[in-house]
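Accompanying notes for the structure given below.
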Amino acid sequence: MAWALGCHLRRPGSAACAAVGVAACCGGGIAGSSCSTSISSGIPAISNLLAALQHPRPDCRGSGRPYSSAAAWGGASRDGGLVPALPSGSTTGHPSMRAQLVRDFIHDSLYHPSEGYFTKHTAFGAGVVGSLQQPLDFASMDGQVEYLQAVQRVYRELQASWLTPVEILQPHYGRAIANCILQRWQEQTADALAAGDAEPPLLIYEVGGGTGTLARNMLDWLRTEHPSAYRRTRYSCIEISPVLAALQRRKLAAGGHAERFSVRQHDAADLAAWRRADEAARSSSGSGGGMGDSASSSSSSCAASSGSEGGAGEHAFIVMCEVLDNLPHDRVWRDMGSSEWQQTLVAEGDPHGDLADWAQHHRQGGGGALIELLQPASDPLIRRCLQAMHAADSSADSSSRKTGLALSAARAWRRLVGEATEEVRWLPTGCLQLLDTLRQARLSHTLIAADFDQLPEVVIAGVNAPLVASTYGGSTHDHGSYLVPRGTADIFFPTDFQLLCTLYRQAAATAAGGRPTSSSSSSSHAAALQPIASAEHMPTPDFMLRYAPDPSATRTLSGYNPLLEDYSNTAFFVGSCLWQRAAGAASSGNGGSGAAR
């Protein structure tokens, strides 16, 4: 399974909107929490749809236990039966029912070719992803309230469904990311020159380039402040939306960056697509086409010196802003008295009709009701995530971990007081699959990712459960279940950055079977290399203080600084997989200790 990555994904509002009570901030609150559930009376069809969807499944907010009705299978009791193990996508034993893993269901809901949430939104233009015509003038603002009012005014003028921190805090947010990349590239360049190697190109890939604002801000800063690095830069957006891809090309061309910029229209999680795009870039470079879809002779010479348009052998910098939260996740469940996890499948259909009352709130195209089923956790990605989760948990204080006896005692107590006795976790299996693809597509790379580490007002059960929201006419409606009709809602998750560090090092460790190659590396030299992985994460204010060229540039007259104080529930991840000589190798950049915060 490969899902479509490359859409720039974010919902409206900023972290501070709810805190100061600014009204009607386009869905304001932290990361898209609901300001209002009302929908314009001029859209009766949408109002009727939301009226039906706002009734969550009865057990969704409580124990989180899937409706595993044994009666629907001709079995014994509802409380006792688990569905027999089924591969994702298989039938359930009844011709009218088909089951799939939760990540496949979420992928279909968000990225279906014609009916997915993001597919439908970008099909009608890029206006849903807001883009400021001019940066906000922070220095002229009195303080936080005036800043929030300015953000509200921009939402109202643009009629956009969401604005990202990249847009609101431009160009300073993008400059900080560019400086982070530049520092690491300069260190690698110094190492290469000291070893007698050629100066490497500065290769940047942005997954989900949105309107092109981040690329424009980064390249503008590099061109002005570091022209020598700019001349070595090759920046590519990986974008699946034709509308957004065209917008990115226009914006970067208008900024004078056509020679340094290209768009690769493919799924970032599809390894075969990476390789096809690499081959196309090599062919274009060999014929003088430079960067593929917009190039010059200088771009061609840069591609020739690197061996490819950033092929697997050269170090690459990969940027993902607000992408992790929309990667499909899986749901696992277990009784608190058991150590065995069950994976969740979503089935469509109810052949015995015994779920009629519940199913009427979860209708999908074709009239099939959606139900959750359980089976022993056997999917490879789920098992790897569980392994990483246990490894992350084991690093915590042992006094905070429960033994089997403690779990049984806790279970008994919860039953006595009427509390839920189940445990639900949401696992970033989509993220793990993307990490696997990246380490194969770009063996030597640095990954910089920014996203939300917590979400407000989540009513769906489980650790790291998603917010499910629909935005219409500037109002955001939160749903009580992820089982919504295809394409009707954004399904987005908080990022567990500690777990992300563990998953990244796990994926990097599997890279030892491959070896980077380049025009300057002999086979014997490549055979002597080994991967050195590092991973860390930090709150966004820490990242900005460390890398923003001028953190004071966004300070208002009162001293309030949105670059450091807004979006307080976001964080940055920085991970690197570097290949160095096995004997006495030491990682450049952040080092190869592999330590994670």
Which class fits the ring pair Phe261 and Tyr235: parallel under 30°, tilted 30 to 60°, perpendicular over 60°?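 It falls in the tilted class, 30° to 60°.
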
Tyr230 and His257 aromatic ring geometry - parallel, tilted or perpendicular at 30°/60° bounds: perpendicular

For [X] against [Y], the heavy-atom pair lying closest together:
X      : Y      : result
His172 : Ala553 : CE1-CB, 3.5 Å
Leu214 : Gly174 : CD1-CA, 3.4 Å
Ala176 : Met544 : CB-SD, 3.5 Å
Ile238 : His266 : CG2-O, 3.3 Å
Ala316 : Tyr205 : CB-CE1, 3.7 Å
Arg264 : Ser236 : CD-CB, 3.9 Å

Applying side-chain contact (heavy atoms from CB on, under 4.5 Å) to His329 and Asn464, what does each step give before you reach the verdict? CA-CA 10 Å; His329 283 53; Asn464 295 323; 5.7 Å; no

Measuring from atom [atom1] of [X] to atom [atom2] of [Y], what distance do you get when rounded to the nearest 0.5 angstrom?
X      : Y      : atom1 : atom2 : answer
Leu222 : Leu202 : CG    : CG    : 6.5 Å
Arg234 : Glu259 : CZ    : CD    : 11.0 Å
Asp542 : Leu564 : CG    : CG    : 9.5 Å
Trp274 : Asp270 : CH2   : CG    : 11.0 Å
Gln440 : Leu435 : CD    : CG    : 11.5 Å
Cys237 : Ile240 : SG    : CD1   : 13.0 Å

Please evaluate residues Asp550 and Arg555 with respect to the criterion salt bridge (Lys or Arg N to Asp or Glu O under 4.0 Å), reporting the C-alpha separation (whole Å), side-chain torsions for both, the decisive distance (0.1 Å), and the verdict. CA-CA 10 Å; Asp550 183 9; Arg555 184 182 297 135; over 6 Å; no

Do [X] and [Y] get their side chains close enough for a donor-acceptor pair, meaning under 3.5 Å?
X      : Y      : result
Asn326 : Asp490 : yes
Tyr547 : Arg175 : no
Glu167 : Thr211 : yes
Asp142 : Tyr560 : no
Thr495 : Asp451 : no
His315 : Thr446 : yes

Could you tell me whether Arg383 atom CZ has more than 12 heavy atoms of other residues or ligands within 6.0 Å of it?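 It does not: Arg383 CZ has 12 such atoms or fewer within range.
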
Is the number of heavy atoms from other residues, nucleotides or ligands under 6.0 Å of Gln387 CD greater than 12? no

Under the ring pair (Phe, Tyr, Trp, His ring centres under 6.0 Å) criterion, do Trp426 and Phe493 qualify, and how do the steps go? CA-CA 9 Å; Trp426 292 82; Phe493 296 82; 5.8 Å; yes

Should the pair [X]-[Y] be classified as a salt bridge under the 4.0 Å nitrogen-to-oxygen rule?
X      : Y      : result
Arg282 : Glu279 : yes
Arg546 : Glu536 : yes
Asp278 : Arg442 : yes

Is [X] reaching over with its side chain to a backbone N or O of [Y], donor-acceptor style, under 3.5 angstrom?
X      : Y      : answer
Asn569 : Gln454 : yes
Thr570 : Tyr567 : yes
Ser568 : Glu565 : no
Arg232 : Glu199 : yes
Asn217 : Tyr173 : no

Where do Arg260 and Leu252 land on the side-chain contact (heavy atoms from CB on, under 4.5 Å) test, with the steps shown first? CA-CA 9 Å; Arg260 299 288 146 203; Leu252 273 295; over 6 Å; no

Quick one: do Val574 and Leu447 satisfy side-chain contact (heavy atoms from CB on, under 4.5 Å)? Show the steps, please. CA-CA 6 Å; Val574 181; Leu447 173 63; over 6 Å; no

Hey, would you say the Tyr111 and Phe118 ring centroids sit under 6.0 Å apart?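 Yes, the ring of Tyr111 comes within the 6.0 Å limit of the ring of Phe118, centre to centre.
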
Testing Phe497, Tyr504, Phe543 for ring pair (Phe, Tyr, Trp, His ring centres under 6.0 Å) with Phe573, which one passes?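 Single ring pair (Phe, Tyr, Trp, His ring centres under 6.0 Å) partner of Phe573 among Phe497, Tyr504, Phe543: Tyr504.
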
Under the side-chain contact (heavy atoms from CB on, under 4.5 Å) criterion, do Arg505 and Ser534 qualify, and how do the steps go? CA-CA 7 Å; Arg505 291 193 299 272; Ser534 65; over 6 Å; no

